[in-house]
2 protein chains.
Amino acid sequence: MYDAPVNLELKAKMFRGFADPTRLSILESLRSGEKTVNAISDLIDQSQSNVSNHLSCLKECGLVVSRREGKNMHYSIASTRVQRLLNVGDLILDEVGDRICRCVRYNGQTSPTDFK
Amino acid sequence: MYDAPVNLELKAKMFRGFADPTRLSILESLRSGEKTVNAISDLIDQSQSNVSNHLSCLKECGLVVSRREGKNMHYSIASTRVQRLLNVGDLILDEVGDRICRCVRYNGQTSPTDFK
DNA sequence: CATACATATCATCAATTAGCCATATGATGA
DNA sequence: TCATCATATGGCTAATTGATGATATGTATG
């Protein structure tokens with residue numbers, strides 16, 4: 001059950017949608033329902049152009065979908081499978097969160113005192 | 001249910017374990033059971049030091065565990081939740097693999113002809 | 001048509017990341 | 001103790017990635 005290298009690259013690429021704090025913030029913010037670019041921008045405290053850029057990336061990857069309503073573009077999580085991935089991510093974080101916060105790779109050490 | 005920023009950084013960090021082709025290859029190779037560094041190195045066609053480096057990272061994050069037996073260190077997937085994440089990843093890839101392969105971010109475009 | 005608002009795009013740059021290679025360390029057996 | 005094998009570590013470098021800010025594009029309204 002060891003996959004061909006090409007599929008591994010695709011799968012790794014898919015996971016990159018979740019592996020950046022900004023893109024993950026966007027996905028997490030959509031768990032509670034569809035939102036516009038400006039709403040997400042305000043919620044996660046990132047610039048409108050940054051949010052738009054990441055949403056474009058997530059849409060290209062099929063992780064989110066969009067629906068235009070007048071000037072506003074409403075984004076939402078593309079499927080229940082993506083929701084499930086986020087859920088399982090929470091379960092793993094419950095198990096290993098205390099270890100990950102000590103890891104100094106990827107944007108340095110994350111403060112353990114704020115871990116739930 | 002929008003998480004605090006610190007937890008988002010932790011969760012994103014956790015997903016980085018899956019988001020690099022080499023680390024994902026290592027995790028995928030362990031789905032079928034525990035393996036040594038050299039066995040993984042041969043299987044995924046990466047240098048021993050590279051594999052060792054990535055295994056160290058995955059172990060620090062709690063995604064894999066190790067068991068020494070003489071000279072050999074045997075690595076395995078840390079929990080069934082990690083297995084589940086890989087499974088859900090497969091399901092999402094089934095849905096969106098054709099879109100991800102067209103995405104030119106992250107190591108350029110991945111050939112669509114090899115997509116299952 | 002002009003203006004306002006929402007969103008998308010692009011060039012640039014700084015920071016981050018992954019792999020290589022050499023080497024160090026640990027375990028085993030003669 | 002030494003040779004061999006397995007694994008871990010560190011310095012260095014090239015490639016990659018994410019954010020910014022300016023600007024372009026799309027929609028709505030007067």
Side-chain angles (χ1 to χ4, degrees), chain A residues 5 8-9 12-27 29-30 34-61 64-76 103-110, chain B residues 5 8-9 12-27 29-30 34-61 64-76 103-110:
Chain A
L8 289 168
E9 285 223 26
K13 209 180 250 191
M14 187 272 292
F15 275 116
R16 295 199 83 109
F18 301 87
D20 172 72
T22 302
R23 284 195 298 283
L24 183 62
S25 299
I26 292 172
L27 289 171
S29 76
L30 294 178
E34 74 174 3
K35 289 181 177 62
T36 62
V37 178
N38 275 340
I40 295 169
S41 174
D42 289 340
L43 192 58
I44 72 172
D45 200 32
Q46 289 277 348
S47 69
Q48 175 270 319
S49 72
N50 196 25
V51 171
S52 184
N53 203 37
H54 281 297
L55 277 169
S56 175
C57 171
L58 291 170
K59 187 179 173 186
E60 273 178 51
C61 282
V64 304
V65 293
S66 58
R67 167 182 75 82
R68 183 180 280 280
E69 184 181 284
K71 290 177 188 171
N72 296 105
M73 192 70 87
H74 296 262
Y75 286 89
S76 54
C103 177
V104 297
R105 302 179 209 235
Y106 314 130
N107 305 328
Q109 197 164 21
T110 313
Chain B
L8 290 168
E9 285 223 26
K13 207 180 250 192
M14 186 273 293
F15 274 116
R16 295 198 82 111
F18 302 88
D20 172 74
T22 302
R23 285 196 295 284
L24 183 61
S25 299
I26 291 172
L27 290 170
S29 77
L30 294 176
E34 74 174 1
K35 289 178 177 63
T36 63
V37 179
N38 275 340
I40 295 169
S41 174
D42 288 341
L43 191 56
I44 72 173
D45 200 31
Q46 288 278 347
S47 70
Q48 174 270 319
S49 71
N50 196 24
V51 171
S52 183
N53 201 38
H54 281 296
L55 277 168
S56 176
C57 171
L58 291 169
K59 186 178 173 184
E60 273 176 52
C61 281
V64 303
V65 292
S66 60
R67 168 183 76 83
R68 186 179 276 278
E69 184 181 284
K71 287 180 191 168
N72 295 105
M73 193 70 88
H74 296 260
Y75 286 89
S76 54
C103 176
V104 295
R105 299 177 212 237
Y106 315 129
N107 304 325
Q109 198 164 23
T110 316

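Chain naming here is simple, since letters A, B, ... match the order of the sequence lines and numbering starts at 1 in each.
Distances shown here put every side-chain N or O of A:Ser47 at or beyond 4.0 Å from the OP1 or OP2 atom of D:dA19. The side chain of B:Asn38 contributes an N or O atom lying less than 4.0 Å from OP1 or OP2 of D:dA6. Contact check, B:Tyr75 against D:dA6: no side-chain N or O comes under 4.0 Å of OP1 or OP2. For the OP1/OP2 pair of D:dT7 and a distance below 4.0 Å, the side-chain nitrogens and oxygens of B:Asn72 include at least one atom meeting the criterion.
Atom CZ of A:Arg16 and atom C1' of C:dA18 are 10 Å apart (whole Å). Protein atom CE of A:Met73 is 14 Å distant from nucleotide atom C1' of C:dT9, rounded to whole Å.
Residue A:Ser49 places a side-chain atom within donor-acceptor reach of the base of D:dG21, judged by atom type and a 3.5 Å distance cut-off alone.
Between the side chain of B:Ser25 and the backbone N or O of B:Pro21, at least one donor-acceptor pair lies under 3.5 Å.
The residue A:Ser52 sits close to a base: some heavy atom pair falls under 4.0 Å.
With sequence neighbours excluded, no residue forms a ring pair (Phe, Tyr, Trp, His ring centres under 6.0 Å) with B:Tyr75.
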Handout entry: Where protein sits on nucleotides 23-30 of chain D, one letter per nucleotide: B base, S sugar-phosphate only, - none, heavy atoms under 4.0 Å
Key = ---BBS--
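Listed by first and then second residue, the salt bridge (Lys or Arg N to Asp or Glu O under 4.0 Å) pairs involving residues 34-49 of chain A are A:Glu34-A:Arg67 (not counting sequence neighbours).
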